[in-house]
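Just so it is clear, the values below take in all heavy atoms, side chains as well, and ignore hydrogens, waters and symmetry mates. Keep in mind it's a predicted model, so treat the numbers as computed, not measured.
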Amino acid sequence: MAEYFEFMETATIESWLKAGFEAAFPGNDFSNVTALPATDSKFGDFQCNNALASAKILRLPPRAIAEQVYAKLVESQPNFISKLELAGPGFLNITVSEEWLAEQLSKLDRDENTGIEQVGKSKKVVIDYSSPNAAKQMHIGHIRSTVIGNAIDRLYRSIGYDVIADNHLGDWGTQFGILIKGYRECLTQEERDNLTVANLEKCYVLSAAKAKEDEAWKNSCREELVKLQKGDEENVALWKAFIEISIEEFNRMYKRLGVKFDTYRGESYYNSMMASVVDRLVESKLAEPSEGALIVKFEEEGLPIAIVRKSDGGFNYTTSDVACVESRIKDYDPAEIIYVTDDRQQLHFKQFFIICAKMGMKAKLVHVPFGLMSYGGKAISTREGNLIKLDDLLEEAVRRSKNIVLERTPDCPNADELAEQIGFGAVKYADLSHDPATAIDFNWDKALALEGNSGPYLQYAYARVCSLIEKYSQLPDAKPLSEGEFVLSSNVEKQLALQLLQFGPSVLRAARAYKPSVLADYLFQTAQLYSSFYQRSPVLKAEAQVRDSRIRLCALFGKVLSNGLHILGIETPERI
Ligand code: ARG
């Protein structure tokens, strides 16, 4: 928790608190003493609960501990602490001075990272996300990995990490035998000449259906696969073409969503490394033969076995992911590798993480599992007939947003651009505002609501601040926004100031927890607080000095909101 306040120099609040604990109870470890933001402003600005936490170790009632610490703290109270109170079972409530807070705001405003501590400096992280299977169109089920993965990618970049965003395409396996056969026999010459992912998907479905009822067809698919695996020129060329077309199509989607990958190393990339991985697994006795296959047991961990080489000699998903970790460590030496996939793959990740650890691989491996997404209350499945293509979902988002834009501004000159920014923002935020681990239901009305916890609500809040700043700048006696001071003249201003100072710590917490929702929650709360400040405190109509300081607070809010939304991958138009 210490990083929570470093930017605000609560390091000083904390060092004062720590010193108080140490003076009252010498010889004990109080390194975990912290000041948390108060849950209710009537208790002050910060609260320290460590008297309660220390009761067991010190074998004293928490209140008695707090009393003794309180006595020491009062003796050494720094100037910027305006009030210290002892409350309830042993809480220490702290109020800071307005001047100190104003000074912290100026620092935040000047800081090039807006208070985000660069804890990732000179560290690398690989983030494996989106990772769709080639030769299939992306559908609504792919949105979560792409959107959550990209937000984690941006979060890590924002805290200073060198991020390698890797799209681990499903570009190898039995489906390619079926595809090659289908390509040759189920498509017209014209379709083959103008190959699209939609056609690839179509010929796959046809060919797979035939393979089910026709033994000869099935064998022929298998032969094509064997030829491909043996490096047959024609089949390899086809496979390459399929992958290229798929990537092109995926990139079209990524471009719209503002998602960029550094590498597209799919499963096939690790193909040549798998035999040696398995050899080493056998050598180190991690893998053992079983009914012609090679398996790894997880008796200690209480997990089912994983097959690392099938009885036909083929390798599988586990083997490929172990080879992949080894290769990433060799190429990048990352501190961490983060995987974003749906939660049905949890066992797979647990298993290969254990194998990697037992093989002595050093990187920290993290799986960020997300829950399923349903659509309008229904599971997304072919049977429900709502296996919506991602393309169509995005189109629908744009269509609906354009209506909203035109309703408000019928002659809006850049309605199309705005519709994309708002529509995609809505789709992304609808996902990111939930803890990734939970299942979510996508609902257009909620996603596009202008009131309430939605992307468009936050985008509007930003656009309103921009328009306020513009009005201010047209005043004859307007000052440049970087000049002057922050003066916090009311309680709600002070609340907003305290909240803005929590931006960096919230970004850090979101990154450390792999939960963009922590940042989304923070931004929504901040926007609400801003709106109650704005309702209660006139800005442009206030007397000049108050006005100049309030507009700076508004501008700082705008900066925090816009930076925060960008970290979530959401655009912030200045005018809506
Ligand atoms: N292609 C897989 C899927 O569609 C996801 C791959 C995730 N990454 C990994 N290294 N296993 O489910």
Side-chain angles (χ1 to χ4, degrees), residues 130-143 145-146 167-254 264 266-268 271 310 312 314-317 320 342 344 372-373 375 378-396:
S130 194
S131 311
N133 294 327
K136 276 190 196 161
Q137 299 184 86
M138 280 172 99
H139 59 76
I140 178 168
H142 293 109
I143 191 122
S145 176
T146 310
N167 195 333
H168 191 87
L169 297 172
D171 64 355
W172 198 247
T174 43
Q175 73 266 35
F176 287 94
I178 301 169
L179 264 168
I180 293 173
K181 173 84 176 158
Y183 168 85
R184 293 217 172 96
E185 313 219 2
C186 306
L187 293 183
T188 64
Q189 187 57 43
E190 207 200 324
E191 286 171 326
R192 278 193 291 266
D193 291 343
N194 305 294
L195 203 56
T196 60
V197 177
N199 280 337
L200 281 176
E201 194 170 330
K202 182 177 107 182
C203 77
Y204 176 82
V205 172
L206 290 173
S207 176
K210 281 217 166 141
K212 256 194 190 153
E213 54 198 36
D214 181 344
E215 198 60 29
W217 188 284
K218 190 171 161 187
N219 287 334
S220 172
C221 292
R222 199 171 298 140
E223 276 160 27
E224 297 295 1
L225 179 68
V226 172
K227 271 166 77 185
L228 172 68
Q229 287 167 335
K230 290 205 169 130
D232 171 83
E233 229 170 88
E234 227 178 286
N235 280 9
V236 169
L238 275 182
W239 168 76
K240 276 196 179 144
F242 297 167
I243 305 300
E244 247 166 58
I245 289 165
S246 308
I247 293 183
E248 215 172 280
E249 163 87 3
F250 298 154
N251 276 344
R252 196 171 55 77
M253 225 74 75
Y254 295 142
Y264 291 82
E267 287 173 34
S268 68
N271 224 354
K310 295 184 274 185
D312 67 4
F315 304 111
N316 59 15
Y317 199 30
S320 138
D342 72 68
R344 291 170 301 185
L372 282 188
M373 176 156 123
Y375 182 79
K378 279 189 188 152
I380 295 166
S381 73
T382 328
R383 213 178 318 139
E384 291 285 348
N386 64 357
L387 198 68
I388 301 161
K389 283 187 289 171
L390 189 51
D391 224 3
D392 295 339
L393 181 89
L394 297 181
E395 264 334 298
E396 181 68 3

- Item | Check: Q229 and W172 side chains under 4.5 Å, non-hydrogen atoms | yes

- Query: Is a side-chain N or O of D171 found less than 3.5 angstrom from the main chain of A134, in a donor-acceptor match?
  - Reply: no

- Query: Which heavy atom in I178 sits nearest to a heavy atom in C221, and how many Å separate them?
  - Reply: CA-SG, 3.8 Å

- Least distance between heavy atoms, G170 atom then Q175 atom: O-NE2, 4.1 Å

- Query: Is the count of non-hydrogen atoms from other residues, nucleotides or ligands lying under 6.0 Å from K218 atom NZ greater than 12?
  - Reply: no

- Task: To the nearest 0.5 Å, tell me how far I247 CD1 sits from I245 CD1.
- Result: 11.0 Å

- Roughly how far, to the nearest 0.5 Å, is the CG atom of N199 from the SG atom of C186? 11.5 Å

- Taking atom CD1 of I388 and atom CD of Q137, what is their separation to the nearest 0.5 Å? 13.5 Å

- Query: Between L390 and I140, is a side chain to side chain contact (heavy atoms under 4.5 Å, CB included) present by the stated rule, with each step listed?
  - Reply: CA-CA 5 Å; L390 189 51; I140 178 168; 5.6 Å; no

- Shortest non-hydrogen separation from E267 to S320 and the atoms involved: CG-OG, 4.0 Å

- Parallel, tilted or perpendicular for F176 and F242, by the 30°/60° rule? parallel

- Task: First locate atom CD1 of I380, then atom CG of L372, and finally report the distance between them rounded to the nearest 0.5 Å.
- Result: 8.0 Å

- Kindly indicate whether the side chain of L169, heavy atoms from C-beta on, has any atom under 4.5 Å from the side chain of S131. no

- Query: How far apart are the C-alpha atoms of T196 and E249, what are their side-chain angles, what is the distance that settles it, and do they pass the side chain to side chain contact (heavy atoms under 4.5 Å, CB included) test?
  - Reply: CA-CA 8 Å; T196 60; E249 163 87 3; over 6 Å; no

- Determine, for E185 against K210, whether the closest basic-nitrogen to carboxylate-oxygen distance falls under 4.0 angstrom. no

- Would you say R222's side chain and G177's backbone share a donor-acceptor pair under 3.5 angstrom? no

- Query: Taking atom CD of E395 as the centre, does the number of heavy atoms from other residues, nucleotides or ligands within less than 6.0 Å exceed 12?
  - Reply: yes

- Between N235 (side chain) and E224 (backbone), is there a donor-acceptor pair under 3.5 Å? yes

- Note, L225 side chain near T174 side chain (heavy atom, < 4.5 Å): yes

- Message: Name the residue from L393, T146, V197 that meets the side chain to side chain contact (heavy atoms under 4.5 Å, CB included) definition with M138.
- Response: T146

- Give the intermediate values and the outcome of side chain to side chain contact (heavy atoms under 4.5 Å, CB included) for residues V236 and L228. CA-CA 6 Å; V236 169; L228 172 68; 4.0 Å; yes

- Query: Got F250 and S130 here, is their nearest side-chain heavy-atom distance under 4.5 Å?
  - Reply: no

- Query: Once you round to the nearest 0.5 Å, how far does CD of E201 lie from NZ of K389?
  - Reply: 8.0 Å

- Note on the structure: In terms of heavy-atom contacts, I143 and M373 come closest through CG2-CE, 3.6 Å

- Evaluate the side chain to side chain contact (heavy atoms under 4.5 Å, CB included) criterion for residues S207 and W217: first the C-alpha distance (whole Å), next the side-chain angles of each, then the deciding distance (0.1 Å), finally the verdict. CA-CA 8 Å; S207 176; W217 188 284; 3.1 Å; yes

- Query: Judged by modelled atom types alone, do E223 and N219 share a side-chain donor-acceptor pair under 3.5 Å?
  - Reply: no

- Task: Verify whether one side chain among S220 and K181 offers a donor that lies under 3.5 Å from an acceptor in the other.
- Result: yes

- Take atom CD in E234; do more than 12 heavy atoms of anything else shown fall under 6.0 Å from it? no

- More than 12 heavy atoms of other groups within 6.0 Å of E233 CD: no

- Looking at CD of E244 and CH2 of W239, how far apart are the two atoms once the value is rounded to the nearest 0.5 Å? 10.0 Å

